[in-house]
Amino acid sequence: DVKVTQSSRYLVKRTGEKVFLECVQDMDHENMFWYRQDPGLGLRLIYFSYDVKMKEKGDIPEGYSVSREKKERFSLILESASTNQTSMYLCASSLLGRQAYEQYFGPGTRLTVT
Amino acid sequence: DAKTTQPPSMDCAEGRAANLPCNHSTISGNEYVYWYRQIHSQGPQYIIHGLKNNETNEMASLIITEDRKSSTLILPHATLRDTAVYYCIVRVPSSNTGKLIFGQGTTLQVKP
């Protein structure tokens, strides 16, 4: 079974803090994704990566950065957390190419910024 | 990417088949139909996908009409754990990003 794990299920941070969200997959997938999900706005892609040290911006990269130093690990960084970054953050992974849309998701991290 | 239309909600009795429809009348020849679901407070889960032939796996069956303008996801024996929001997505699998876009989906309530 594909397993995607995220470092925390729930996280509470203060405005201005630097926040690290980590995602690890164990299926040797090339692609990894960070999404956020908000009521009424659906799923929105923040960043994705198709290889180690490679990253591509998604639809809403502002205020976020990412790091992929190893194939199995993809980190999302909030440089200075703000209240509008309160959200559910979902990590996913997939193979490349024709299987890119068969994505396996982690359980999500519900981040609250106060 | 083709737009999809799904009913906002459906009920199903436990143990019965759940048939979830999706309309994608503007689908193009190289677009696949993907289904995901999301159980409350969990990450989305990939279910199945297909191009034009019917597909079956351990979770569900996917029936795509001959003109490909609509499809139906079938859960053959629904259980309470199948209560979730089900999303139908149409994408070209060779596109670069792999970005998923979920619409409103269908909330399936399986009742005892």
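Numbered from 1 within each chain, the chains take letters A, B, ... in sequence-line order.
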(message) If I take atom CZ from residue A:Phe74 and atom OG from residue A:Ser49, how far apart are they, to the nearest 0.5 angstrom?
(response) 5.0 Å
(request) Between chain A and each of B:Gly43, B:Pro44, B:Ser41, count heavy-atom pairs under 4.5 Å; write down the option with the most. (result) B:Pro44
(message) If hydrophobic clusters are built from ILVMFWY residues whose side chains come within less than 4.5 Å, do A:Val66 and A:Tyr64 share one?
(response) yes
(request) Using non-hydrogen atoms and a 4.5 Å limit, figure out which bit of A:Arg44 sits close to chain B: side chain, backbone, both or neither. (result) neither
(message) Could you check whether atom CD of B:Gln104 has more than 12 heavy atoms from other residues, nucleotides or ligands sitting under 6.0 Å from it?
(response) no
(request) Could you tell me which portion of A:Tyr50 (side chain, backbone, both or neither) has an atom closer than 4.5 angstrom to a non-hydrogen atom of chain B? (result) neither
(request) Heavy-atom distances under 4.5 Å only: say whether A:Glu56 touches chain B with side chain, backbone, both or neither. (result) neither
(message) Using 0.5 Å steps for rounding, measure from the OH atom of B:Tyr34 to the CZ atom of B:Arg91.
(response) 9.5 Å
(message) Can you confirm whether A:Met32 sits close enough to A:Cys91 that some side-chain heavy atom of one is under 4.5 Å from a side-chain heavy atom of the other?
(response) yes
(message) Please classify the contact between A:Gln37 and chain B as side chain, backbone, both or neither, with a heavy-atom cut-off of under 4.5 Å.
(response) side chain
